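For reference, the structure discussed in these notes is given below.
Being a predicted model, the structure only gives us computed values, none of them experimental.
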Amino acid sequence: PRGDEGMERKLSSSTSVRTLPPRTLLGRWRRGKRGFELKPKALDLAGECRMQGIQKDWADLTHAEQTEVIRRALYPQHFLIDPHCEFMKYWDLIISIALVFTGIVTPYEVIFMGQVLWNDCLFTTNRCVDMVFVTDMLMNFFVEVEVVTGGKQGSHMLKDPWQIRRRYLLGWFSIDFVSILPFDIFFMLYRGSPSSLSSIKMLRCLRLIRLVKLARILRTSRLIQRWQDHFAISFATQKLVKFSFVLLLSSHWMACLWGVVGISYGFELCDPDGKLIIYEQEPDVTEVSWLTQLFTSGKATPDDPCNPWHTYMASLHWSVMTITSIGYGDIVPVRNEEYITCILCMLFGGVLWAYIIGSLCGLIANSDPIQANFETNTDLLNSMLRDANVLVEDKHKFRVYLREAKLLATMRQFREVAQRFSPKLRRQLLDTVSSKSAAAARQATYLTHAPERCIMDLLENIEMAFFSRLEPVTNATDKLCILERGTLALVGQILMPGTAFHTDCIIRNPRWRNPEQAATLSHALILMLDREKLFSVARHYPEVERAIKKAATLLAMKRAVLYCARMQRLEGDPASGGGRDMSLVDVFHHLVEQDGAFGRRGNASYPSEALASPRSRPSVMKPAVQQPASSQFDEAIDSLEAKLMESAAAAQARMAALTAQLESMRLLRKEVVESRHVAAERYGTCRVCNSEGP
């Protein structure tokens, strides 16, 4: 019990129990949308009684008091943040944006741009990003940590605040702390102005310390692990995004590395004001780099080496050319340091490019296993059809069936995946994915008010069948069928997807089921539930089982009455050999006594649903027979069924004789008409069609 005011007063009056922590804003923030949760842990019940100031032993407490003690013990005593709460989703998005900004803008700013002033927009943006990382560093002292253990133990959430803080201090804290140090502010506070070009170069080298902020990029592994459970993005798309991001970021960082080598070892091309320096004498050869060679070798170009963007684009051109192994040769190393840097970049770029190309080829080959299986089966089919010299029309029919049956393969593969879930999660998954099939199953009157759990259990036992165009749906009268895809024709009706048919499969006697077979008008996917599986699932739901039995009895009785009415019409028709004026009850008694149309087989495979209900049975059967014992009644039923078979055979023979007689009369009439036409050609006007002359 929770929130029981009477219980609170009882404990407060009898014992001195500490009050529960108030539900503050932080508590609501921690709970998020999932509601308040008690944290499970091992408890010393007797010790908890002493800690909570209760003067009784654990065994002397009532059940309500014991419940309250356990609830107070399980209540979290410290403020912790659940890493899977709603707030952390948005915070991870903010952190990811800050990481992307740090990985892209910081290297470009440090290497290619000059000093950033206080009033620059970039300086303000950097301070905002630093505040985001400072806030995140403080939050890490309160965020629960998921610890992955080896072997079969899996993972568990670390919720001890002291263990969380100790783990963070010994792990990521040093990297996070160094990355948030404002090195650019330290350099801006340096009052001494550079008096020479060597001082400018020294200051630029010191600014490289700011690249320590790139250590923040290592935190992306923690974010990606949490994102994979929140976003329903295919792994193929995730890998494509990862490869693209890694390729672009590697090209950017390699360009920055190549740029810092050229700027650091070459002589200065620009003064502190950003203007091009014109040297009267040739600079020393020891201060030559690829950058000075590119812009001072007499090459005609409108680019300005004092423009950071122009220098960066030249470096990016070299990095992409190196990674992709193209090698135009327009930008080359000119000194030993640049040769070493170029060799390392080529080794890294070659491995990276080979890894990306190989991963993309494997990703494309395995992106759609259903399509790959379809292509393999189609190639095998084409080979066999070619050897068998099958007609072109039939080849097209077989190929179209394989193409359309990909949906069946997809659904079967999904069912295999669903079987790996626990029963509860599997039921929830089917409820979400198979909502249309569940609605179609409720079209059967006996399943309209069935609980959701029953419908999901039925869908778990369902079988799938795929039919081609203009194909009869055979062996389906004893199954509850649901049209999932395509169109069907059944007894003059056109069935669309989401329609249930053969709902009379609940009648055990096939005599009273609808014998008409459905025919497909297009490629159709049909879900079939066997009658035995339907009843086996219904046994676990008594209300559903009663509804099915009641519907089966009423439907069988309805079919039996209609059968009696047809027999009454046949018996009262003089053209069919009848002529007796019989009521519906008389026909029923006549069929029971002579034909046995309402019996069951000797092996008891057919039930007595075709009979009327037990209450109405004596009033119908009493004029004809008396209620015998159980064994005598079974023998009587068997004899009635045998008579029914004989009468049915006789009726079929009589109908065949009538059909033959009618056909002979039609032929005779045709001969008479032809003879009269011949006579009209000789003697004048025909008396049948009033035509004159031949």
Side-chain angles (χ1 to χ4, degrees), residues 100 102-113 201 204-205 208 211 214 217 220 239-270 276-277 279 282-365:
V100 171
T102 302
I104 296 177
V105 177
T106 300
Y108 176 81
E109 175 193 354
V110 171
I111 296 173
F112 296 100
M113 296 184 64
K201 185 173 296 186
R204 182 180 292 124
C205 294
L208 296 179
L211 294 178
L214 295 180
I217 303 298
T220 55
K239 291 181 179 179
L240 287 176
V241 173
K242 183 183 72 172
F243 294 153
S244 302
F245 181 77
V246 169
L247 182 61
L248 294 177
L249 189 63
S250 300
S251 302
H252 174 67
W253 285 0
M254 191 178 293
C256 294
L257 177 62
W258 186 246
V260 72
V261 171
I263 294 175
S264 301
Y265 288 98
F267 56 83
E268 290 293 334
L269 296 176
C270 305
L276 184 64
I277 300 177
Y279 292 91
E282 189 72 20
D284 190 4
V285 70
T286 59
E287 296 183 355
V288 176
S289 67
W290 71 267
L291 186 62
T292 59
Q293 186 72 15
L294 179 65
F295 288 100
T296 61
S297 60
K299 177 182 177 181
T301 175
D303 296 341
D304 184 8
C306 299
N307 189 334
W309 182 252
H310 293 171
T311 307
Y312 170 74
M313 291 306 298
S315 301
L316 184 63
H317 164 74
W318 176 88
S319 65
V320 174
M321 180 176 57
T322 302
I323 290 178
T324 56
S325 304
I326 296 176
Y328 288 118
D330 53 346
I331 298 178
V332 294
V334 296
R335 58 189 302 150
N336 184 57
E337 293 83 356
E338 294 178 353
Y339 278 112
I340 295 175
T341 305
C342 185
I343 291 172
L344 296 177
C345 290
M346 285 190 293
L347 291 176
F348 172 76
V351 173
L352 176 64
W353 187 247
Y355 170 74
I356 292 178
I357 294 298
S359 300
L360 287 178
C361 292
L363 184 64
I364 295 174

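- Rounding to the nearest 0.5 Å gives a distance of 11.0 Å between OG of S359 and CD1 of I364.
- By the 4.5 Å heavy-atom criterion applied to side chains, H252 and I104 are counted as neighbours.
- Y355 pairs by the ring pair (Phe, Tyr, Trp, His ring centres under 6.0 Å) definition with F243, not counting sequence neighbours.
- Of the listed residues (L352, V351, L344), just one forms a side-chain contact (heavy atoms from CB on, under 4.5 Å) with F348, and that residue is L352.
- Using a 4.5 Å heavy-atom threshold, the side chains of T322 and W258 count as separate.
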Practice item. In sequence, state the C-alpha distance, the side-chain angles, and the governing distance for C256 and F112, and then conclude on side-chain contact (heavy atoms from CB on, under 4.5 Å). Key: CA-CA 8 Å; C256 294; F112 296 100; 4.0 Å; yes
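- Looking only at distances, no side-chain donor or acceptor of S250 sits under 3.5 Å from a matching main-chain atom of L247.
- Contacts of C342 classified as disulfide (SG to SG under 2.5 Å), with partners at least two apart in sequence or in another chain: none.
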Review point. Should T341 and W290 be marked as a side-chain contact (heavy atoms from CB on, under 4.5 Å) after you check the CA-CA gap, both sets of side-chain angles, and the distance that decides it?
Key: CA-CA 12 Å; T341 305; W290 71 267; over 6 Å; no
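- Here the CD1 atom belonging to I263 is positioned 11.5 Å from the OG1 atom belonging to T292, to the nearest 0.5 angstrom.
- A heavy-atom distance below 4.5 Å is found between the side chains of L316 and S251.
- Atom CE in M254 sits 11.5 Å away from atom CE in M321 (nearest 0.5 Å).
- With a 4.5 Å cut-off on side-chain heavy atoms, D303 and M313 do not count as touching.
- When every heavy atom of S315 is checked against every heavy atom of A255, the shortest pair comes out as CB-O, 3.2 Å.
- For the pair W318/L294, no side-chain contact is recorded, criterion being any heavy-atom separation below 4.5 Å from C-beta on.
- Contact annotation: the side chain of I356 approaches that of L360 to within less than 4.5 Å [non-hydrogen atoms, C-beta and beyond].
- Side chains of Y265 and T286 form no contact here, defined as non-hydrogen atoms less than 4.5 Å apart.
- Rounding to the nearest 0.5 Å gives a distance of 11.0 Å between CZ of R335 and CD1 of I340.
- Under the ring pair (Phe, Tyr, Trp, His ring centres under 6.0 Å) criterion, W309 pairs with Y312, sequence neighbours left out.
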Exercise for review: List the steps, then state whether side-chain contact (heavy atoms from CB on, under 4.5 Å) holds for V260 with V110.
Suggested key: CA-CA 9 Å; V260 72; V110 171; over 6 Å; no
